[in-house]
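As a basis for the values below, the full set of heavy atoms in this structure was taken, side chains included, without hydrogen atoms, waters or symmetry mates. Being a predicted model, the structure only gives us computed values, none of them experimental. Lettering of chains follows the sequences in order, A, B, ..., and the numbering in each one begins at 1.
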Protein chains: 2
Amino acid sequence: MSKQRESVLPIAAACCPPLAVAPLSGEQAADLAPMFKALGDPVRLRLMSMIASTDEVCVCDLTDAFDLSGPTISHHLRVLREAGLVDSERRATWVWYRARPQALKQLAGLLDIATPAAV
Amino acid sequence: MSKQRESVLPIAAACCPPLAVAPLSGEQAADLAPMFKALGDPVRLRLMSMIASTDEVCVCDLTDAFDLSGPTISHHLRVLREAGLVDSERRATWVWYRARPQALKQLAGLLDIATPAAV
DNA sequence: GAGCTGATTCGAGATTCGTCAAGACAGGGA
DNA sequence: TCCCTGTCTTGACGAATCTCGAATCAGCTC
């Protein structure tokens, strides 16, 4: 991530109507599934929530919150980054992570239920 | 699924504020991650969209839509079912699947972005 | 009851994933 | 310049996942 060329992300590729409105094509599903998959691990879901609930987070703070090794946290952050859910930026010694609201919004829209009364 | 006792699902366990509002606890993340994980496979994501976009779908129709064997489709449907995302019901010879709007709504709420202006 | 159709479960093989230890790289301070 | 701190990458291993064929179960029709 030292290189910022990952700004070309799979986000724009998929912009679909809610699941409850129309079925996805195979291609759309293949584009979107990695995002859900990235959130499908408890550690990554918690990392995502920690990153999204503040403006920026330092890796050092994230590492301290888990009983996992540094490389493991780094690996999970990389998965989130490659899924387009977060951005990273090196600033002096530390690396800071920031959420990508676009991506979260896209997933939320996909899961939106057309019938609010449905229970 | 022949037995309907799976109606006791992990849904009620987790009911959390949006990711962008407060970080998840380890327990909350462990409850929610399986749902995202279930949607993290292209085949399952497409199955979910096919089920959610109509009232009910017969397994036979789902199987026909993929180049996969029956047991494989059955496996993916089981994952969706155990994650609490769909319900199944046997009616005569056929088994019908239905989405659980509660679950989709919960996930959508979790991904909701507090700042609609954010881009 | 016998036979048929549809769906699930079981068992096995190949692939992917999660984790860590060791090494490499980037940047700041003496 | 050299060393130290902090982070990422690489390589490796066990565990979980995806897929299929074969066998099993559920229900209808004759």
Heavy-atom neighbours of A:D64 CG exceed 12 at 6.0 Å: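 Correct, the count exceeds 12.
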Upstream residue (5' side of DNA chain D) when B:H76 and B:P71 are each assigned their closest nucleotide: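 Upstream on the strand: B:H76.
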Let's see if you can work this out: which of [options] has an atom nearest to the side-chain heavy atoms of [X]?
X	options	result
B:C58	C:dG18, C:dA7, D:dC18	C:dA7
A:H75	C:dT8, C:dT19, D:dT7	C:dT19
A:S74	D:dT17, D:dC8, C:dT19	D:dC8
B:R44	D:dT19, C:dT19, D:dC18	D:dC18

Sugar-phosphate only, base, or nothing, as touched by B:I73 at under 4.0 Å among non-hydrogen atoms: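 Result for B:I73 = nothing.
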Find the distance [X]:[atom1] to [N]:[atom2] and express it as a whole number of Å.
X	N	atom1	atom2	value
A:Y97	D:dG6	OH	P	17 Å
A:D41	C:dG18	CG	C1'	7 Å
A:R78	C:dT19	CZ	P	16 Å
A:R91	D:dT5	CZ	P	23 Å
B:W94	C:dC4	CH2	P	17 Å
A:L80	C:dG18	CG	P	11 Å
A:L62	D:dG6	CG	P	15 Å
A:D61	D:dT7	CG	C1'	14 Å

For A:P23 against B:M50, the heavy-atom pair lying closest together: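 Looking at all heavy atoms of both residues, the shortest contact is CB-CG, 4.0 Å.
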For [N], does OP1 or OP2 lie under 4.0 Å from any side-chain N or O of [X]?
X	N	answer
B:T93	D:dG27	no
A:T72	C:dT19	no
A:K37	C:dT16	no

Most 5' of A:G70 and B:G70 on DNA chain C, judged by nearest nucleotide: B:G70
Ionic contact status for A:R98 with A:D87, cut-off 4.0 Å: no
4.5 Å side-chain heavy-atom contact, A:F36 and B:L107: no
Residue of the set A:H75, A:H76, A:E82 for which side chain to side chain donor-acceptor pair (under 3.5 Å) holds with A:R78: A:E82
